Amino acid sequence: MSTEDPKTAGTDFIRQIIAQDVASGKYERIVTRFPPEPNGYLHIGHAKSICLNFGVARENPGGRCHLRFDDSNPETEEIRFVEAIKKDVKWLGFDWGEHLYFASDYFEDLYGFAVRLIQGGKAYVCGLSEEEIRRHRGTVTVPGLNSPYRDRSVSENLDLFARMRAGEFPDGKHVLRAKIDMASPNMKMRDPLLYRIRHIPHYRTGDKWCLYPMYDFVHCLSDALEGITHSICTLEFENNRELYDWIIENVPAPSRPRQYEFARLNLNYTVMSKRKLMELVEGGHVTGWDDPRLPTIAGIRRRGYTPEAIRNFSDRIGVARSNSVVDASLLEHSIRDDLNTKVPRVMAVLDPIRLVILNLPVGQILELEAPNFPDDPSKMGFRKIPFSRELFIERSDFMEDPPKKFFRLAPGKEVRLRWAFFVTCVDVKKDAEGDVVEVHCTYDPETLGGDAPDGRRVKGTIHWVSVPHAVDAQVRLYDRLFSVPDPEEDKEAGFIRNLNPDSLKIVTARVEPSLAGASRGDRFQFERTGYFIADEKDHASEKPVFNRIVPLRDSWGKISAKV
RNA sequence: UGGGGAGUCGUCUAAUGGUAGGACAGCGGACUCUGGAUCCGUAUGUGGGGGUUCAAAUCCUCCCUCCCCAGCCA
């Protein structure tokens with residue numbers, strides 16, 4: 001488990017309950033669990049739950065958190081998702097140690113509990129069809145009707161249940177239901193289904209079973225079997241808690257776990273449900289589950305986010321019981337905050353235009369040096385940056401007719417080239433269409449290193465790369481996947497239409513030669529531009545590929561937008 | 001409409017009868033070889049009406065709004 005996090009700030013309501021339980025001596029140790037279903041990839045909402053469950057376990061002496069795959073539906077679950085989920089949890093910095101579990105390992109125990117329920121007259125085999133069961137359930141305002149099979153004898157139920165297991169019946173022929181109350185105001189308590197027949201092989205148990213338990217039966221008993229003390233889930237399971245307790249109380253459960261619910265994470269400008277994520281992936285709207293624009297852990301990782309940033313984000317958003325939507329800017333702040341002190345600075349020109357230094361001879365090359373961590377005296381480190389007559393600068397750093405507060409290059413204006421010299425624009429060269437293709441300058445050799453001996457100051461500093469030394473790199477400029485804060489706003493129209501057409505722009509950038517030595521996964525700040533990572537799949541030293549993790553805050557952008 | 005939940009700055013979240021605080025976003029300024037970072041300052045909030053109390057975000061009451069539940073998904 002990670003230890004470098006600052007002490008978790010919040011004493012949220014979950015931690016308060018646990019603190020009380022610890023103080024009262026209710027439990028010997030705190031045991032939580034993170035219970036994903038292996039039918040898809042984890043997303044940042046799961047990260048919140050992971051940080052909560054593993055965090056709580058870490059904060060309490062002797063505490064532990066289990067990783068349990070809630071795999072009782074053979075139709076959708078796959079081993080590849082198990083592996084992906086394990087990788088993601090580890091990457092986030094958490095360790096379940098010996099405590100890796102599968103609900104499917106409990107099938108035999110669970111079956112035994114079901115038998116006990118039947119023996120106690122608390123469950124029955126129902127032969128109603130799916131449609132009939134639905135009709136008998138009633139509605140939120142109309143009580144349900146008892147199943148005609150509700151009063152079968154214990155022995156008949158036992159016999160039928162055994163034959164269900166033995167495979168004597170086709171899918172849907174019978175189900176096992178709890179005998180509770182068809183008139184309960186809580187729909188979850190209207191004789192809920194406990195087992196269904198599915199003649200489908202399970203990714204772990206193979207053909208051993210054709211009878212599979214349902215979530216409400218599996219979850220509480222898995223918790224009890226593992227000695228979970230605090231079973232933390234999301235708000236939509238609030239109505240299930242009554243059933244959770246009912247089952248625990250009506251079987252000889254080995255322990256007495258309690259369920260607590262918190263609000264799941266919502267983020268604006270994205271979607272979070274597995275179904276919608278699946279639609280984006282399968283519809284080809286993104287390149288895969290690890291597309292850097294997706295809020296999946298795999299996507300966020302490939303985008304270049306760090307686990308520290310995600311954990312800090314998780315601390316910052318807190319844990320509460322009211323539905324909420326967190327602003328994407330908080331996530332962006334978390335990664336900038338982390339990377340700012342960690343990654344080296346380099347220069348890269350994303351949208352190049354040539355700058356020619358008229359008073360520097362053709363072929364002359366100056367070997368300059370630039371610090372890798374200009375703001376951190378404890379991290380020395382320099383790299384060579386060659387300087388020559390022709391440079392690339394950012395197209396947006398020159399304007400022929402600049403507005404008032406534009407501090408960059410313009411005819412007659414002097415700026416500093418980062419770690420090099422002052423240059424003054426004396427002329428421009430245009431093409432047939434009248435567009436500027438070259439910016440002509442003179443440089444002041446006295447300003448080597450970036451300061452003028454005569455005390456002269458400049459307002460702007462711009463980055464640059466020497467033309468003959470520049471390395472081409474593919475740069476993927478990622479932006480928000482959706483162009484509106486709430487992509488699901490209009491349920492009818494769907495969320496796909498709200499996709500941001502500019503969520504990915506690929507450019508060929510000219511980067512400083514030191515970047516030729518970058519390895520996959522290396523992160524940098526491209527000065528004045530943003531944070532970037534060498535792509536974990538596509539980057540190669542012969543063909544560099546960088547993903548933009550997040551742009552730098554841009555106060556000029558705000559000023560220029562107003563003008 | 002039955003039941004279960006939730007309403008605090010723009011956003012997220014504290015305050016558990018006693019000065020409504022923090023973070024992000026915003027705005028203003030300082031500083032700066034990144035219009036970055038950093039630092040300083042600043043505006044904005046208890047859904048509404050009654051009530052209890054010396055004192056209410058907090059307790060009572062009525063109302064309003066939003067979310068969840070009618071899968072053989074989890």
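Being a predicted model, the structure only gives us computed values, none of them experimental. Quick note on labels: first sequence line is chain A, next is B, and so on, each numbered from 1.
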Need one value for [X]: base, sugar-phosphate or nothing, where a base atom within 4.0 Å counts as base even if backbone is also close, heavy atoms only.
X	answer
A:T341	nothing
A:R321	sugar-phosphate
A:V325	sugar-phosphate
A:F237	base
A:L552	base

Roughly how many Å apart are [M] and [N], using the [atom1] atom of each and rounding to a whole number?
N	M	atom1	answer
B:C54	B:G47	P	25 Å
B:U11	B:G26	P	15 Å
B:U13	B:U52	C1'	29 Å
B:U1	B:A70	C1'	13 Å
B:G28	B:C59	C1'	42 Å
B:C9	B:C24	C1'	12 Å
B:A55	B:C12	C1'	30 Å

Geometric class of the [Y]/[X] ring pair [parallel <30°, tilted 30-60°, perpendicular >60°]:
X	Y	result
A:F495	A:F482	tilted
A:F69	A:F102	parallel
A:H202	A:Y212	parallel

Subject >> cation_pi(A:R165, A:Y111) dist<6.0 Å, angle<=45 >> reply: yes
Original post:
So, do A:W556 and B:G35 meet the stacking rule of ring centres under 5.5 Å and planes under 30°?
Top reply: yes
Is it the case that the base of [N] and the side chain of [X] share a donor-acceptor contact (distance under 3.5 Å, atom types as modelled)?
X	N	result
A:R408	B:G35	yes
A:N323	B:G5	no
A:R316	B:U13	no

**OP:** Return the 5'-most residue of the pair A:D554, A:E130 with respect to RNA chain B, ranking by each residue's nearest nucleotide.
**Re:** A:D554
Original post:
So, for A:F546 and A:F526, is the gap between ring centers shorter than 6.0 Å?
Top reply: yes
